[in-house]
Number of protein chains: 2
Amino acid sequence: MLKFIVTMITISKEDYLKEIYALSLFTDEPVSTSKIAEKLNITNAATSDMAKKLSALDLLSYEKYKGVKLTEKGRTIALNTIRRHRLWETFLIKTLGLNWGEVHDEAEVLEHQTSEFLMDRIDQFLNFPEFDPHGDPIPTKEGLMPVLPEVVCLTEAEIGKTYIIQKVDHDNKEVMDYFTKLGIELYSEIALEDRMKFDNSVFVSINNIRHTFSQQVASKLFVVNKNI
Amino acid sequence: MLKFIVTMITISKEDYLKEIYALSLFTDEPVSTSKIAEKLNITNAATSDMAKKLSALDLLSYEKYKGVKLTEKGRTIALNTIRRHRLWETFLIKTLGLNWGEVHDEAEVLEHQTSEFLMDRIDQFLNFPEFDPHGDPIPTKEGLMPVLPEVVCLTEAEIGKTYIIQKVDHDNKEVMDYFTKLGIELYSEIALEDRMKFDNSVFVSINNIRHTFSQQVASKLFVVNKNI
DNA sequence: CAATAAACTTAAGCATGCTTAAGTATATTA
DNA sequence: TAATATACTTAAGCATGCTTAAGTTTATTG
């Protein structure tokens, strides 16, 4: 049984819910506590503990040894946290001219500290954007996720075709800084010229300049066919 | 003796240091723990406890039953927190058009959560302002406080003279919203027409419109002589 | 100047969120 | 299917920052 009363949504709890949401995106299976622990860089023990607390708050369902699943209530909080994160990123890029690699860490802390009033004003200032500067959809205030165009990862794209960059995985700052240095932006045109069988490196052309990306770097870019 | 090790600057600690700085502004006397407790709306016990911790960190000197005084190190942290607060206020007003009453509470949480990098970018964006939208000086990155022009409180001003509003005490949101509603802004011209002996109400004229302010409301406004 | 009031501190305790160490359940494999 | 490895949970403990209750010091006043 729980040893104490759990009442408040805290920064930690928002981070758990956000991470569980991300880990649930492509599966219907419950998320294991160890997977969460790994992502949040804490021990399994801490995650088990928190699972009980969040379960007591009806933010997720938790079966011992089986893992965790968000409830509607938990999903709503996760989406709202993601919303605040992505609005902050958009706002900082728009007002201060920060670049792809600079916004994530800032938004990571600001997302937990912003009143609904301020978030609404930022949303309005940005004219209610559907996508953030990395191409990720911004959940609406009502918790609806705008639908991203059907994208394909650059590692899976067809040789000889020209694409538009529609989304970028920005979990790695170093790679983002590299893209910024090359002048690559969202909605840049990118022609996939060839792929090397040896290690799946790709040869691309962006703004008429040729680049070679390793498979790992290419896997960060998601594109749509230019002629759609 | 302290029961445990104290290492980190936390949000709470920044709030203590900021409050002690504010309470030390017009006196050389040590600040009593009860005064701090009252301002921060916590118990004296908590303040005594924290005094020991901050003293262990060499952020203030603390003599039991005598009160507390910031060290240079503590003063630096307080000033930096105030700097972040006032830059945020200035930024939110400039970008989002928030008004006098709307920024304080937002800045109060954001001030603790902003990297030096982001603060520098905001500072640069605002062109290194010396004063915030309430007329308060913004400490520089080096911890220097810009010198405010010699102001006088409206409660002490001379009848018959015309002044410029140079600073506003914005600790009360209701009063700020009232000023906003009247269209009163920083650097507005204000003519002091009369003062009632009964309760020290003042009759003023701003933008050619007459207002009556209670002494309490008037005490929020600080002015300089128009013809200087 | 002693009694008392006011101010302040200490002690014990609790909520949060983490850790390490030990214990239990599930999965694997011989 | 029993032994063992892996995954997961529980228990104990600690740092932070607060509370209430009890104890101590300083200030006040008759």
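Order of the sequence lines fixes the chain letters, A, B, ..., with proteins taken first and strands second; residue numbering starts at 1 for each chain.
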Next item on the list: Take the protein atom NZ of Lys35(A) and the nucleotide atom C1' of dT9(D), then report the distance between them rounded to whole Å.
Entry: 20 Å
Next item on the list: Send over the distance from Lys52(B) NZ to dC8(C) P, rounded to a whole Å.
Entry: 15 Å
Item checked: Point-to-point distance, once rounded to the nearest 0.5 Å, from CD1 of Ile122(B) to CZ of Arg83(B) -> 10.0 Å
Notebook entry, point to check: Roughly, in whole Å, what's the span from CE in Met50(B) to P in dT16(D)?
Noted result: 9 Å
Next item on the list: Under 4.0 Å between any heavy atoms, over every strand shown, what does Lys13(B) touch: base, sugar-phosphate, or nothing? Just pick one.
Entry: sugar-phosphate
Check: Between Lys66(B) (NZ) and dT26(D) (P), how many Å, whole number?
Finding: 6 Å
Next item on the list: Check whether any side-chain nitrogen or oxygen of Tyr62(A) sits under 4.0 Å from OP1 or OP2 of dT9(D), and answer yes or no.
Entry: yes
Checklist line | Ring centres under 6.0 angstrom apart (His85(A), His104(A)) | finding: yes
Next item on the list: Would you indicate which nucleotide in dT19(D), dT19(C), dT9(C) comes nearest to any side-chain atom of Thr43(B)?
Entry: dT19(D)
Item checked: From dT10(C), dT16(C), dT9(D), nucleotide with atom closest to Lys64(B) side chain -> dT10(C)
Next item on the list: To the nearest Å, give me how far apart CD (Glu63(A)) and P (dT9(D)) are.
Entry: 11 Å
Notebook entry, point to check: Rounded to the Å, how far apart are Ile42(B) CD1 and dT16(D) C1'?
Noted result: 13 Å
Check: Of the nucleotides dG17(D), dT10(C), dG23(C), which has the atom closest to the Lys53(B) side chain?
Finding: dG17(D)
Checklist line | Exercise: identify the closest heavy-atom pair between Leu92(B) and Leu110(B) | finding: CD1-CD1, 4.2 Å
Item checked: Residue whose closest nucleotide on DNA chain C lies nearer the 5' end, Tyr65(A) versus Met8(A) -> Met8(A)
Checklist line | Closest to side chain of Ser12(A), choosing from dT19(C), dT26(C), dG17(C) | finding: dG17(C)
Item checked: Interatomic distance, Asp49(A) CG vs dA12(D) C1' [rounded to whole Å] -> 12 Å
Check: Base, sugar-phosphate, or nothing: which does Thr47(A) touch, judged by heavy atoms less than 4.0 Å apart?
Finding: nothing
Next item on the list: May I ask you to decide whether Lys141(A) forms a salt bridge with Glu116(A), counting only side-chain N to carboxylate O separations under 4.0 Å?
Entry: yes
Checklist line | Carboxylate-amine/guanidinium contact Glu19(B) Lys35(B), below 4.0 Å | finding: no
Margin query: Using a 4.0 Å heavy-atom cut-off, does Thr33(A) contact any base of the nucleic acid, only the sugar-phosphate backbone, or nothing at all?
Written below: sugar-phosphate
Notebook entry, point to check: In whole angstrom, what separates Ile36(B)'s CD1 from dA7(C)'s P?
Noted result: 15 Å
